[in-house]
Protein chains: 2
Amino acid sequence: MDANIVKILVSSPIFHDISPSQLDIMLECLKPKINTFSKNSYIAVQGEPYTGLGILLSGEASIIKESASGSRVIMTVIRPGDLFGEMIAFSPRKHWPASVFAQSTCSVMFLPPEKIIGECTHVCGGYKQLIKNMLVLLSTKALMLNQRVEYLAIKGMREKISIYLLEQYKINQKHTFILPLKRNELADFLSVSRTALSRELGRMRDEGIIEFYRTSVKINNLAMLRRGAE
Amino acid sequence: MDANIVKILVSSPIFHDISPSQLDIMLECLKPKINTFSKNSYIAVQGEPYTGLGILLSGEASIIKESASGSRVIMTVIRPGDLFGEMIAFSPRKHWPASVFAQSTCSVMFLPPEKIIGECTHVCGGYKQLIKNMLVLLSTKALMLNQRVEYLAIKGMREKISIYLLEQYKINQKHTFILPLKRNELADFLSVSRTALSRELGRMRDEGIIEFYRTSVKINNLAMLRRGAE
DNA sequence: AAAAATCGGTAGCTATAGCTACCGAGAGTG
DNA sequence: CACTCTCGGTAGCTATAGCTACCGATTTTT
C-alpha cells in the first residue's frame with residue numbers, strides 16, 4: 001500500500017488509534033477499492049445504489065443535496081481524510097441520500113460496510129478499535145445533528161443570536177472575541193436571512209447590548225444578552 | 001429473568017437476531033438495572049448525568065428537547081422495546097442532551113455502555129450481533145435526525161406540510177391515510193404553531209388539494225401538492 | 001351521565017423576518 | 001491603478017406565521 005495513502009488513512013477518524021502496521025493487516029482483510037474520479041464528475045449520485053463507506057484520499061469534493069425540482073444545494077465540502085456515506089453504511093437504506101461531486105480530481109477509497117463487522121474478529125488486533133471508532137463517529141455525528149436541531153428549533157431571531165453569542169462568550173471567556181463565521185455563514189447556520197440577521201444585530205447594538213465590526217464582537221451588557229436568550 | 005421482559009428484549013432492535021438463550025448469558029455480563037417510573041415523571045432530565053443506555057420495557061414515553069426559553073420539541077415517541085440515550089453511550093459527553101418523559105407508567109432497563117464494547121468478546125456469542133445492532137441503530141438515528149434537520153430548514157409552511165404529506169403518501173401508497181401525529185404533535189414536529197398549521201391546512205383544502213378530518217387525510221390533487229413542495 | 005380536559009378549526013391583529021435593492025468598504029487580480 | 005468580487009450594513013415593503021381568544025366536538029375522568 002502506498003505510504004502516502006497510509007499517512008492519510010491513519011489521520012482519518014475511522015482509523016484513529018490504529019498503528020500503520022495494524023492498518024496494513026486490516027486493509028488485507030477489508031479489501032478496499034480505490035477509484036479515481038476526474039474533476040466535475042460524480043463520485044456518488046443521489047438515489048443510486050450505495051457503493052460503500054467513502055474515504056477521500058486526495059482532491060476536494062462537495063456533498064450536494066438535489067431537490068425534486070432540480071435545485072442543488074451544497075451541504076459540505078470534504079477534504080482528504082474525510083469520510084462520507086458513514087450514516088448509510090449500517091442502515092437498511094441502500095441508496096445515496098445525497099450526491100458527492102468531485103470539485104477537483106479525486107481518489108477515493110470505498111470500504112464495503114459488511115467487512116467492518118467481518119470475519120476477522122480474532123485475527124486483526126485493530127478490529128475492536130475500528131468498531132469503537134465507528135461507534136464514536138456515528139455518535140458524534142448524531143450529537144452534532146442534534147445540536148443543529150436545537151438551534152433550528154429556536155423561534156426568535158434575537159433568541160438565536162443571543163444564545164449563539166453566549167456560547168461563543170463561554171468558549172472564549174472574554175467579552176471581546178472573533179466569530180468563527182462570516183455573516184453569510186452565520187445566517188446559514190442559524191437558518192435565517194443575512195439581512196434580517198444584520199438588522200437584528202444592529203438593533204442589539206443600538207440597545208447597547210453589543211458592539212461589533214465584521215466578525216469581531218464585544219459584549220457590553222451581559223445581563224441584557226442573557227435576557228434576550230430568555 | 002422474567003419471561004415477559006425477555007420477550008420484550010428479543011423484540012428490541014438492540015437484541016435483534018439474538019436468541020433468548022444467548023440473551024440470558026449476555027444479561028449476566030451486562031448487569032442491567034431495571035427501574036419503574038410513574039406517569040408524567042421524568043425518566044431522564046436534559047443536562048443531568050447520563051444514566052446509561054435505556055430500553056423501555058413497558059409504558060409509553062416521549063423524548064423531548066427543551067430549549068432555554070422553555071419551548072418543547074417532540075423528537076420521538078417511544079414504546080416498549082425502543083431505546084433511548086444510544087447517541088451518548090459512545091460519545092465523550094456524559095449528560096443527557098434531551099429529556100425522556102413518561103407518558104404513562106414505565107419500566108426501563110439501563111445498560112452501562114462500557115459493557116457493550118466490554119471484555120466478554122470471546123465469551124458471548126451474541127456479542128458481535130449486539131455491536132452490529134448498535135451500528136445499525138446509530139446509523140438509523142443519524143439519518144432520522146438528518147431528515148429532521150431538513151424539515152426544520154424548510155422555510156414555508158406550505159412547503160413543510162406538502163413535503164410531510166408526500167412522505168406519508170409514499171409510506172401508505174394510498175390517497176387516503178391516517179397521520180401518525182395529532183395536530184399538536186405535528187405542529188411540534190414541523191416546529192410551527194398549531195393555529196398556523198390548521199390555517200394552512202384549511203387553505204390547502206379550499207384550493208382543492210386535500211381533504212381532511214382530524215388525523216385522516218385524503219389527497220385530491222397530487223400534482224398541486226407536489227408543486228407546493230417546490 | 002355529568003364534568004373536565006383535550007383536540008381542532010377559525011378569525012383578527014400584529015410582530016417578525018424575508019426579499020429586493022442599494023451602497024460603501026476591503027480584498028484580490030489584471 | 002482601475003476592475004471586479006465578496007462582505008456587510010441599511011431601508012422599505014410585504015408576506016408570513018405567531019399569538020390570543022373563542023367555540024364546538026370528542027374523549028376521558030369521576
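This structure is a prediction, so every number in the text was calculated from the model and none was measured. The figures that follow rest on heavy atoms only: side chains count, while hydrogens, waters and symmetry mates do not. A, B, ... follow the sequence lines: proteins, then strands. Residue 1 opens every chain.
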Side chain Asn172(B), main chain Tyr169(B), donor-acceptor under 3.5 Å: no

Sidechain-backbone polar pair: Ser99(B) side chain, Gln46(B) backbone, donor-acceptor under 3.5 Å: yes

All ring pair (Phe, Tyr, Trp, His ring centres under 6.0 Å) counterparts of His16(B), not counting sequence neighbours: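 Listed in chain order: nothing, the list is empty.
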
Phe177(B): ring pair (Phe, Tyr, Trp, His ring centres under 6.0 Å) partners, not counting sequence neighbours: none

Touch class at under 4.0 angstrom, heavy-atom based, for Arg203(B) against every strand present: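 Result for Arg203(B) = nothing.
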
Sugar-phosphate, base or nothing in reach of Arg158(B), heavy atoms under 4.0 Å: nothing

Tyr213(A) side chain near dC7(D) phosphate (N/O to OP1/OP2, under 4.0 Å): no

Pair Arg205(B) + Glu211(B), salt bridge at N-O below 4.0 Å: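 Not counted as a salt bridge, because no side-chain N and carboxylate O are separated by less than 4.0 Å.
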
Value in whole Å for how far the P atom of dA25(D) lies from CZ of Arg214(B):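 Roughly 10 Å, once rounded to whole Å.
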
Any Met157(B) side-chain heavy atom under 4.5 Å of Ile161(B) side chain: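 With C-beta onward as the side chain, the pair touches.
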
Residue closer to the 5' end of DNA chain D, Phe212(A) versus Arg199(A) (nearest nucleotide):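 Closer to the 5' end of DNA chain D: Phe212(A).
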
Leading and trailing nucleotides of DNA chain C with any atom under 4.0 Å from heavy atoms of chain A: dA17(C) to dG26(C)

